[in-house]
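Remember, predicted model here, so these are calculated numbers, not experimental data. Chain identifiers are assigned alphabetically (A, B, ...) following the order of the sequence lines, protein sequences preceding nucleic acid strands; residue numbering begins at 1 within each chain.
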Number of protein chains: 2
Amino acid sequence: MVINRAAQLDLVFGALSDPTRRGMLETLSGGAVNIRTLAAPFKMSQPAISRHLRVLEEAGLVRRQKRGREHHISVNSQAAEQARDWIAHYTRFWKQQFDAVEEYLNKQEQKNHVE
Amino acid sequence: MVINRAAQLDLVFGALSDPTRRGMLETLSGGAVNIRTLAAPFKMSQPAISRHLRVLEEAGLVRRQKRGREHHISVNSQAAEQARDWIAHYTRFWKQQFDAVEEYLNKQEQKNHVE
DNA sequence: TTAATATATAACCATATGGTTATCAATCGT
DNA sequence: ACGATTGATAACCATATGGTTATATATTAA
């Protein structure tokens with residue numbers, strides 16, 4: 001492993017920020033497929049698909065096995081779990097903060113009504 | 001609400017793909033702060049900070065209250081939860097697929113040893 | 001062996017992103 | 001009233017991103 005944890009998160013979140021790539025991952029929920037199957041739902045050139053796939057691969061979200069002339073793509077859940085865990089970790093604190101601010105704002109609201 | 005769920009996820013994941021912005025969100029775990037406090041850990045110009053903040057805001061990850069000349073920034077946990085839930089939903093399936101592929105590969109490995 | 005298929009790469013283009021410096025606007029403290 | 005402080009905006013630059021078409025490579029099928 002060359003790149004650090006933060007850089008890995010950059011790649012994973014970056015990969016997830018595109019709807020085509022999220023669509024591909026959704027397709028992969030059903031199991032490993034070849035690339036032309038992955039490409040089917042999108043009206044976009046084959047090279048474009050190829051590059052989206054590379055982004056997913058570089059983020060560690062999928063892996064590829066060449067099987068003859070076809071490439072079988074499968075999902076690597078670990079990279080996604082890392083991203084999920086980053087969010088989940090902070091969500092605990094954020095939710096507290098969020099609720100505190102909500103409460104504060106509600107109080108302000110009430111004050112305004114009284115004034 | 002104008003933009004759809006997918007576009008919202010684009011923005012949220014995109015916002016999370018930058019280490020400066022993730023750093024800001026980490027700071028916000030401790031509670032609402034003004035912008036210069038958020039900026040402090042980063043050696044980067046004030047306009048750069050201002051724009052990172054706008055990205056977080058447009059993704060719905062933070063909200064802003066002007067309090068005199070200072071802007072108080074607080075986290076909005078809901079946007080992040082949506083992203084976490086998207087990952088979590090698919091992670092269930094991905095993990096299954098991942099484990100299935102692992103098992104398959106291990107079997108192949110054994111076969112190769114026997115041959 | 002030759003044509004078709006599956007996929008990658010190269011070259012290009014337009015737009016987005018992330019940074020800078022310079023400047024503006026609003027508010028606060030004296 | 002005025003200078004300092006907080007923050008946004010404008011203009012600019014370099015690089016990244018997401019798409020295209022054309023072409024190359026490897027494998028399979030006829």
*asked:* Does D:dG18 have OP1 or OP2 under 4.0 Å away from a side-chain N or O of A:Arg21?
replied: yes

*Protein-nucleotide distance (A:His52, atom NE2; D:dT17, atom C1'), rounded to Å*: 9 Å

*asked:* Just so I know, are the side chains of A:Leu53 and A:Ile73 near enough to count as touching, which here means a heavy-atom distance under 4.5 Å?
replied: yes

*Starting at atom NZ of B:Lys66, determine the distance to atom C1' of C:dC28, rounded to an integer number of angstrom.*
16 Å

_Nucleotide nearest A:Arg51 (side chain, heavy atoms from C-beta), chosen from D:dT9, D:dG19, C:dT9_ = D:dG19

*Return the value, rounded to whole Å, for the distance between atom CE of A:Met44 and atom P of D:dG18.*
10 Å

*asked:* For B:Val33, is there any backbone N or O sitting under 3.5 Å from a side-chain donor or acceptor partner on B:Thr37?
replied: no

*asked:* A:Asp10: which residues meet the salt bridge (Lys or Arg N to Asp or Glu O under 4.0 Å) condition with it, sequence neighbours left out?
replied: B:Arg22

*B:Phe42 CZ - C:dG19 P separation (whole Å)*: 10 Å

*In whole angstrom, what separates A:Ile49's CD1 from D:dT21's C1'?*
16 Å

*Between atom CG in B:Leu56 and atom P in D:dG7, what is the gap in whole Å?*
15 Å

*Contact state string [nucleotides 1-7 of chain C, B base, S sugar-phosphate only, - no protein heavy atom under 4.0 Å]*: ---BBSB

*Look at the rings of B:Tyr90 and B:Phe93 and say which category their plane angle falls in: under 30° parallel, 30 to 60° tilted, over 60° perpendicular.*
tilted

*asked:* Taking B:Glu57 first and then B:Arg64, would you say they form a salt bridge - that is, a charged N and a carboxylate O separated by under 4.0 Å?
replied: yes

*Carefully, step by step, assess B:His52 and B:Arg21 under the rule side chain to side chain donor-acceptor pair (under 3.5 Å).*
CA-CA 6 Å; B:His52 278 303; B:Arg21 292 192 291 263; 3.0 Å; yes

*Applying the 4.5 Å side-chain criterion to the ILVMFWY set and letting contacts propagate, would A:Val55 and B:Leu16 be lumped into a single cluster?*
no

_Nearest listed nucleotide, side chain of B:Pro47, among C:dT9, D:dG18, C:dT20_ = C:dT20

_Interatomic distance where CZ belongs to A:Phe13 and P belongs to D:dA16 [whole Å]_ = 21 Å

*Over how many whole Å does the gap from B:Asp10 atom CG to D:dT17 atom C1' extend?*
13 Å

*Does the side chain of A:Ser45 get closer than 4.0 angstrom to OP1 or OP2 of D:dT20 through an N or O atom?*
yes

